There are 2 protein chains.
Amino acid sequence: MGEIPTNTEQNILNAAKKVFIEKGRQGTRMQEIANEAGINKALLHYYFRSKEKLFEAVFLEAFHKFLPQIEQLVESDRPFFEVLKFFIDNYINLIFENPHIPGFILHELSQNPDSIARFMSQRVSNLPKLYDKIEKEMTDGIIKPMDPRQILINLIGLCVFPFVAKPIVKSVFFQNDEEVYQSFLLDRKYQVYDFIVNSIKT
Amino acid sequence: MGEIPTNTEQNILNAAKKVFIEKGRQGTRMQEIANEAGINKALLHYYFRSKEKLFEAVFLEAFHKFLPQIEQLVESDRPFFEVLKFFIDNYINLIFENPHIPGFILHELSQNPDSIARFMSQRVSNLPKLYDKIEKEMTDGIIKPMDPRQILINLIGLCVFPFVAKPIVKSVFFQNDEEVYQSFLLDRKYQVYDFIVNSIKT
DNA sequence: CATACTTTTGACCCGTTGGTTAAATCAAAT
DNA sequence: ATTTGATTTAACCAACGGGTCAAAAGTATG
């Protein structure tokens, strides 16, 4: 019942994270994780019975790291635009530090769409509350009347897209110049905020 | 020198498209393509020497089908918002009919970012012309001054995201109801247009 | 029909890969 | 030091998967 992750266990998990997130479930070789962790392949199976188990551990962590952020939007009772700014700032920072995770999640989920039920469970509990909050801003005349879901999907899409489409964006718009692409990303959070606010404010 | 695709050759290509686009390069088994095409596995190698070759054929077709659409935006000399509407309508229709292709391209490119050079070549030739066109709309006071690239990236992202994130979007916002999700997508092209226009028009 | 050439197949090859196992090493605890 | 249990390893296994090959089936040409 070793609840505290062993040194090696954490070590394995870190290695697994790195390889799985970069290469995907199918592209990952257990041997490569072992190498990355500097241990024997059999040790992987000692700590995590199978590739499936190990993958699930990695995926779950990545998923929970990225999804529940949405709840930020409902917790605070500051003005909506303020919360929005705060959220975008946080979320893009998070992606910036883990640029491969969104693409990883998207790909693995579309490989196995039904598995999402296992991961979500009660996660979306307070989404209706968020809808209410947004709709109140509409009746208050602060933002244009529209389906709140459109706003939220646009919000996430605008944050995530430049990262999951990195090779294309970098190549098409920035002549494959990594530095220019990076400075574009740094500016991105303000651009996304302005873009959304300009669009939805009355 | 058989330039005209044989019946079987096209048959194989179709089967390969289906499997590769759904399962990805690594997730695809040659045997599954053979089954899908109703033929023997050895025949795959008779027509396409290797898995790599076959994959490349599939990827190239998918890539060319989806990327050059951007050029529409520069060809016409109608008012920008009109061209924009036309583009969004077309592009979302295209995705609607091939909903898995964008995710496929995104994933495979991020697995192999350098390969993009092979596929792009002179493709982005008239992108500067598009920038000029947009910037002219800015000096004409029709749209707000901003980096044209931000507009284009937002445009593509807003179109593509609901499809590549289908499982999450469908689950989080539509309780996994396929029909509701579909009707959301149908409405999407108008929403995206409004969202962008509202944001960038002066 | 006979020859030659293309298309298709079943059987096989062999490197890879996830997973197992039994033994060795290590770390307390007695 | 010896026992006991957890950790780590090398060697191995079976299945999988891409690719090959020789022969069969099909098709045209003389």
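It should be emphasised that the depicted structure is a prediction, and the values quoted were computed from it without experimental measurement. Quick note on labels: first sequence line is chain A, next is B, and so on, each numbered from 1.
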By side chain to side chain contact (heavy atoms under 4.5 Å, CB included), N93(B) pairs with (sequence neighbours left out) D89(B), K189(B)

*Does R25(A) make a cation-pi contact with F55(A), if we ask for NZ or CZ under 6.0 Å from the ring centre and within 45° of the axis?*
yes

Practice item. Report which part of the nucleic acid I39(B) touches: base, sugar-phosphate, or nothing (heavy-atom distance under 4.0 Å, all strands). Key: sugar-phosphate

Sequence neighbours excluded, the answer for side chain to side chain contact (heavy atoms under 4.5 Å, CB included) partners of E97(A) is none

Practice problem: Taking only the side-chain nitrogens and oxygens of T8(A), find out if one of them lies under 4.0 Å from OP1 or OP2 of dT8(D). | Solution: yes

Does a nitrogen or oxygen in the side chain of Y47(B) sit under 4.0 Å from OP1 or OP2 of dT8(C)? yes

Separation of dG18(D) atom P from Y46(B) atom OH, nearest Å, is 22 Å

Those residues at least two apart in sequence (or on a different chain) that pass ring pair (Phe, Tyr, Trp, His ring centres under 6.0 Å) with F161(A) are none

In whole angstroms, the gap separating C1' of dT8(C) from CD of E9(B) amounts to 15 Å

Separation of dG18(C) atom C1' from F55(A) atom CZ, nearest Å, is 16 Å

Could you go over nucleotides 10-13 of chain D and give all protein N or O partners under 3.5 Å, atom names and distances?
residue : atom : partner : partner atom : Å
dA10(D) : OP2  : N40(A)  : ND2          : 3.2
dA10(D) : N7   : N40(A)  : ND2          : 3.4

So ring pair (Phe, Tyr, Trp, His ring centres under 6.0 Å) across residues 182-202 of chain A, not counting sequence neighbours, yields F174(A)-F184(A)

Hits for salt bridge (Lys or Arg N to Asp or Glu O under 4.0 Å) against E36(B), two or more places apart or cross-chain, chain-then-number order -> K18(B)

K53(B) meets the salt bridge (Lys or Arg N to Asp or Glu O under 4.0 Å) criterion, sequence neighbours left out, with none

S50(A) has its side chain closest, among dG19(C), dT7(C), dT20(D), to dG19(C)

Quiz question: by atom type and distance under 3.5 Å, do the side chains of N154(B) and Q150(B) form a donor-acceptor pair? no

From NE2 of H45(B) across to P of dC21(D) the rounded distance in Å is 12 Å

What residues 23-33 of chain B contributes to the DNA chain D interface at heavy-atom separation below 4.0 Å is T28(B), R29(B), M30(B)

By ring pair (Phe, Tyr, Trp, His ring centres under 6.0 Å), Y91(B) pairs with (sequence neighbours left out) F87(B)

